[in-house]
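Please read these numbers as outputs of a predicted model, since none were measured by experiment.
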Amino acid sequence: MTEPSAASASPQSSPAPTPAYAAALTVEDFRRNLAAIRARIAAAAERAGRDAAEIRLLPVSKTVPEERLRTAFAAGITQMGENKVQEAQRKSENLADLGISWSVIGHLQTNKAKNVAAFADEFQALDSLRLAEALDRRLQAAGRSLDVYVQVNSSGEPSKFGLEPVDVAAFLAALPAYSSLRVRGLMTLAAHTDDAERVRECFRVMRHLRDAGLQAGTVGDGLLSMGMSGDFEAAIEGGSTCVRVGQAIFGARATPNSHYWPESPAAR
């Protein structure tokens with residue numbers, strides 16, 4: 001994996017405020033949006049001295065109606081990320097003829113593990129051994145395995161799910177007991193702020209944890225899923241290998257993020 005060079009630290013871009021993205025309704029709309037995002041990914045990778053080919057774009061399709069997802073698929077989108085497991089499972093069933101690869105990227109309660117085990121190709125929000133055990137049990141029964149990312153609360157915000165950074169090493173060390181889970185790397189949501197340096201610090205925390213996991217042999221491929229529509233360029237400059245982009249591809253969502261990022265762990 002090619003890392004950002006030290007020389008790339010100064011020209012980093014600042015996370016941009018999220019603009020009012022127009023809804024993509026046609027194949028041409030989706031292709032234009034995808035081209036624009038990929039150009040920005042390439043530019044950010046170049047600034048960091050990285051190969052853009054190693055950075056995966058995961059389109060986040062939450063709240064987008066199924067008919068528009070068919071249009072997005074026709075434009076070349078074959079992977080889609082969803083926050084709510086019920087919505088993701090419904091879409092996976094109704095769009096099964098397309099062969100889309102589904103990634104569940106939102107917080108998961110253990111009683112929904114059976115749903116994820118039934119259809120998901122990837123789960124990016126693993127944050128407890130109780131959930132790991134529930135997923136493993138369901139996957140073993142189904143004869144399946146699942147790619148997983150361990151979610152880290154890199155910002156320390158109480159509204160965010162994920163492990164505290166100090167707990168990551170021990171958590172990763174315990175995961176080999178769950179043989180149906182293929183650990184691919186770490187995932188985070190950076191601080192939601194206009195303070196670009198605070199956002200970058202979240203990404204530095206993640207890279208440090210990833211590097212420690214690689215040294216210990218516990219973090220799989222050492223992938224880093226970080227960066228969304230408003231901060232993915234800074235995330236790439238910070239080492240991200242997977243950016244999760246929704247509104248900049250599909251258009252602005254009417255449903256507030258609080259609907260898809262439910263009550264904080266402290267409020268449960």
Side-chain angles (χ1 to χ4, degrees), residues 18 21-38 40-41 53-108 112-113 115-126 135 139 144-149 151 182 184-185 187-189 223-232 235-236 240-257 259-262:
T18 302
Y21 295 107
L25 301 175
T26 68
V27 169
E28 292 72 23
D29 290 341
F30 280 109
R31 287 177 176 162
R32 181 175 59 252
N33 290 352
L34 286 169
I37 294 299
R38 286 172 177 147
R40 291 169 62 187
I41 289 172
E54 74 181 22
I55 300 160
R56 169 186 165 207
L57 172 59
L58 175 60
V60 177
S61 51
K62 63 186 183 185
T63 78
V64 181
E66 291 164 14
E67 60 270 21
R68 286 180 59 209
L69 297 189
R70 288 188 176 274
T71 305
F73 179 84
I77 295 177
T78 59
Q79 304 175 48
M80 298 185 188
E82 291 280 340
N83 282 71
K84 285 190 173 293
V85 65
Q86 300 98 317
E87 180 180 354
Q89 188 167 21
R90 170 178 54 78
K91 288 176 175 177
S92 74
E93 292 169 356
N94 293 343
L95 302 174
D97 57 302
L98 301 182
I100 292 168
S101 176
W102 295 98
S103 177
V104 176
I105 62 176
H107 177 71
L108 185 68
K112 301 290 177 57
N115 303 80
V116 168
F119 78 94
D121 299 286
E122 178 180 81
F123 176 55
Q124 289 204 8
L126 183 63
L135 283 168
L139 288 161
R144 300 185 68 223
S145 57
L146 182 68
D147 287 348
V148 298
Y149 288 65
Q151 184 172 359
R182 295 189 298 261
R184 302 299 307 281
M187 182 274 256
T188 199
L189 286 79
L223 302 180
L224 285 175
S225 176
M226 53 191 198
M228 300 186 291
S229 287
D231 61 8
F232 72 84
I236 289 168
S240 179
T241 62
C242 175
V243 294
R244 310 180 304 272
V245 179
Q247 297 186 79
I249 294 174
F250 293 95
R253 290 186 294 268
T255 306
N257 277 341
H259 178 70
Y260 278 83
W261 301 105

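No side-chain heavy atom of Phe232 sits less than 4.5 Å from a side-chain heavy atom of Ser240. In this structure, the side chains of Tyr149 and Ile105 stay at 4.5 Å or more apart for every pair of heavy atoms. At a threshold of 4.5 Å between non-hydrogen side-chain atoms, the residues Asp121 and Asp147 do not count as touching. The shortest side-chain heavy-atom distance between Ile249 and Ile77 falls under the 4.5 Å cut-off. Put simply, the side chain of Phe119 does not reach to within 4.5 Å of the side chain of Glu93, judged on heavy atoms. Proximity of Gln124 to Cys242: side-chain heavy atoms (C-beta onward) are separated by under 4.5 Å at one or more points. Between Asn115 and Gln86, every side-chain heavy-atom pair lies at or beyond the 4.5 Å cut-off.
For Asp29, the side chain to side chain contact (heavy atoms under 4.5 Å, CB included) partners are Ala24, Leu25, Thr26, Arg32, not counting sequence neighbours.
Of all heavy-atom pairs spanning Phe123 and Leu135, the tightest one is CD2-CD1, 3.8 Å. Nearest heavy atoms, Met228 versus Asp231: N-OD1, 2.6 Å.
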* To do: Take Ser229 and Gln247 through the side-chain hydrogen bond (donor to acceptor under 3.5 Å, both in side chains) test and state the conclusion after the steps.
  => CA-CA 7 Å; Ser229 287; Gln247 297 186 79; 5.8 Å; no
* Output, in order, the C-alpha distance, side-chain angles, deciding distance and verdict of salt bridge (charged side-chain N to carboxylate O under 4.0 Å, His left out) for Lys91 and Glu87. => CA-CA 6 Å; Lys91 288 176 175 177; Glu87 180 180 354; 2.7 Å; yes
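In this structure a side-chain-to-backbone donor-acceptor pair under 3.5 Å is missing from Asn33 to Phe30.
Here Glu122 does not pair with Arg244 in a salt bridge; the nearest charged N to carboxylate O distance is not below 4.0 Å.
The line from CE of Met226 to OG1 of Thr188 is 8.5 Å long, rounded to the nearest 0.5 Å.
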